[in-house]
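Labels below follow one simple rule: chain letters A, B, ... track the order of the sequence lines, proteins then strands, and each chain is numbered from 1. None of the values given here were measured: they were computed from a predicted structure.
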2 protein chains.
Amino acid sequence: MRNAQPETLTLDRVATPVGEVLLVTDGEGAVRALDFADYEDRMSRLLRRHAPGATVADGRAPEGVRAAVERYFSGDVRALDGLTVRTGGTEFQRTVWKALRAIPAGETRTYGQLAAAIGSPRAVRAAGLANGQNPIAVIVPCHRVIGANGTLTGYAGGIERKRWLLDHERRA
Amino acid sequence: MRNAQPETLTLDRVATPVGEVLLVTDGEGAVRALDFADYEDRMSRLLRRHAPGATVADGRAPEGVRAAVERYFSGDVRALDGLTVRTGGTEFQRTVWKALRAIPAGETRTYGQLAAAIGSPRAVRAAGLANGQNPIAVIVPCHRVIGANGTLTGYAGGIERKRWLLDHERRA
DNA sequence: GGAAGTCTCGCGGTTTTCGGACATGGGAGT
DNA sequence: ACTCCCATGTCCGAAAACCGCGAGACTTCC
């Protein structure tokens with residue numbers, strides 16, 4: 001049950017120290033998805049959910065977006081802050097994702113702090129779930145959220161990458 | 001769980017011998033919905049389903065579409081054949097709706113014949129269900145399908161209107 | 001006998017409902 | 001220290017209910 005509102009998205013691939021990432025942008029230069037290449041099928045699933053009817057074609061992302069991603073991995077960890085993102089999702093999820101972008105590189109928050117930040121201090125677990133469903137990894141920094149006791153708890157791209165990203169941001 | 005792809009639809013009203021009809025068209029002149037004014041809430045519901053995120057504003061439909069509808073009710077029962085329609089719905093539903101448009105004005109089919117026409121001779125009841133969920137009444141002529149024994153069985157806009165439409169088309 | 005009405009059951013796609021699971025954390029009990 | 005329990009929003013899968021039907025068996029009533 002879907003309607004057909006044709007829209008063509010562009011799928012680019014960028015090499016990084018933690019493996020190739022897939023970068024999906026739309027006609028207006030907004031980022032629609034970012035994920036690691038070894039989880040391509042999951043990303044497709046998310047895309048189908050968030051942009052029903054859209055078709056995805058291989059191509060090159062706008063230069064500014066590509067460059068920002070590359071600069072981030074080279075050490076300029078603030079390079080992603082100016083990028084525009086666009087997602088589907090429920091009201092709640094969008095609120096969570098917006099809150100994520102407010103966490104500066106180099107810092108972390110607990111799931112509890114995240115829940116509190118969006119005004120639903122008791123929806124801790126729900127916030128964690130929404131976090132895990134973030135379709136735009138790295139740019140929407142879901143990796144900056146960790147357990148109250150300091151454990152990394154989980155990451156859709158693999159805990160190793162979460163650790164790497166956090167170290168990378170702290171180093172910078 | 002919906003994404004936001006803004007699209008504005010136009011809602012027009014046309015007077016007919018069987019009551020006012022609501023006529024929804026999109027920016028490209030395709031018909032997105034048509035229903036009788038006394039079932040407005042149901043139409044809104046269908047629209048929300050088939051065009052999530054779209055907003056509907058009162059206005060005037062493209063002249064060609066309006067004129068076609070008026071000509072149909074004046075006796076030119078083929079006037080609707082050239083109109084473009086656009087719907088959501090499942091694969092199955094769309095197949096059924098396409099098959100409906102192939103039934104010429106003045107003729108009827110049974111639910112069984114309809115099911116057979118789409119290649120699923122045993123999906124009789126499912127075809128009936130899809131028939132009833134047609135969002136574009138009259139133009140997609142779901143009223144031309146009747147029971148195997150000749151009874152009219154049902155019509156979302158009321159059996160009376162179904163009878164009137166069939167008589168009208170036979171007269172012409 | 002036979003035409004016409006009733007009842008029963010299976011058909012197949014969609015929708016609704018319901019029960020879990022989940023990238024947590026705080027409090028209470030042992 | 002460790003275990004158990006609960007709150008919270010969403011997704012997912014399974015199961016059941018729903019129907020704009022129709023064929024076949026069975027009655028009824030001339």
Check: Can you tell if the side chain of A:Leu47 reaches within under 4.5 Å of the side chain of A:Pro135, non-hydrogen atoms only?
Finding: no

Check: Who pairs with A:Glu70 by side chain to side chain contact (heavy atoms under 4.5 Å, CB included), at least two apart in sequence or on another chain?
Finding: A:Val14, A:Arg66

Margin query: Using a heavy-atom cut-off of 4.0 Å across all strands, would you classify B:Gly112 as base, sugar-phosphate, or nothing?
Written below: sugar-phosphate

Check: Can you tell me how far C1' of D:dC18 sits from CD of B:Gln133, to the nearest Å?
Finding: 11 Å

Check: Between atom CZ in B:Arg42 and atom P in D:dG20, what is the gap in whole Å?
Finding: 11 Å

Item checked: Heavy atoms from other residues, nucleotides or ligands near CD of B:Glu63 exceed 12 (cutoff 6.0 Å) -> yes

Notebook entry, point to check: Shared ILVMFWY cluster between A:Val138 and A:Trp97, side chains joined below 4.5 angstrom?
Noted result: yes

Next item on the list: Please state how far atom CG in B:Asn149 lies from atom C1' in D:dA23, giving the value in whole angstrom units.
Entry: 12 Å

Notebook entry, point to check: What stems, by residue range, does DNA chain C take part in, given at least 3 consecutive Watson-Crick or G-U pairs under 3.5 Å?
Noted result: C:1-10 with D:21-30, C:12-22 with D:9-19, C:24-30 with D:1-7

Next item on the list: Kindly say whether, by distance alone, the side chain of A:Tyr111 makes a donor-acceptor pair under 3.5 Å with the base of C:dA23?
Entry: yes

Notebook entry, point to check: Of all the choices, C:dT15, C:dG12, D:dT10, which nucleotide is nearest to the side chain of B:Leu129 once you look at every atom?
Noted result: C:dG12

Next item on the list: Would you indicate what A:Ala126 reaches in the nucleic acid, counting non-hydrogen atoms under 4.0 angstrom: base, sugar-phosphate, or nothing?
Entry: base

Notebook entry, point to check: Contact class for B:Thr110 vs. all strands (heavy atom < 4.0 Å): base, sugar-phosphate, or nothing?
Noted result: sugar-phosphate

Item checked: Rounded distance in Å - CZ (A:Phe92) to P (C:dC22) -> 18 Å

Next item on the list: Using a 4.0 Å heavy-atom cut-off across all strands, classify A:Ala156 as base, sugar-phosphate, or nothing.
Entry: base

Item checked: For the student: nearest non-hydrogen atoms of A:Thr110 and A:Gly147, plus distance -> CG2-O, 4.0 Å

Check: Just how far, in rounded Å, is C1' of C:dT15 from NE2 of B:His50?
Finding: 13 Å

Checklist line | Distance in angstrom units between A:Leu152 CG and C:dT24 P, rounded | finding: 13 Å

Note to self: Check this one for me: any side-chain N or O of A:Thr90 less than 4.0 Å away from OP1 or OP2 of D:dT10?
What the structure shows: yes

Notebook entry, point to check: Separation of A:Arg94 atom CZ from D:dG9 atom C1', in whole Å?
Noted result: 15 Å

Note to self: If you apply the rule salt bridge (Lys or Arg N to Asp or Glu O under 4.0 Å), what do you find for B:Arg171 with B:Glu169, and how did you get there?
What the structure shows: CA-CA 5 Å; B:Arg171 274 196 302 271; B:Glu169 295 178 355; over 6 Å; no

Margin query: Without decimals, in angstroms, what is the distance between B:Asn131 CG and D:dG22 P?
Written below: 11 Å

Notebook entry, point to check: Does a side-chain N or O from A:Arg122 land closer than 4.0 Å to OP1 or OP2 of D:dC6, or not?
Noted result: no

Next item on the list: Determine, for A:Tyr111 and A:Arg125, whether the Lys NZ or Arg CZ falls below 6.0 Å from the six-membered ring centre while staying within 45 degrees of the axis.
Entry: no

Next item on the list: Give A:Val124 one of three labels, base, sugar-phosphate or nothing, depending on what nucleic acid heavy atoms sit under 4.0 Å from its own.
Entry: base

Check: Hey, what's the ring geometry for B:His168 with B:Phe73, parallel, tilted or perpendicular (30° and 60° as the breaks)?
Finding: parallel

Next item on the list: Return the nearest nucleotide to the side chain of A:Ala123; candidates are D:dT10, D:dT8, C:dT15.
Entry: D:dT8

Margin query: Nearest to the A:Arg125 side chain among D:dG20, D:dT8, C:dG25, which nucleotide is it?
Written below: D:dT8

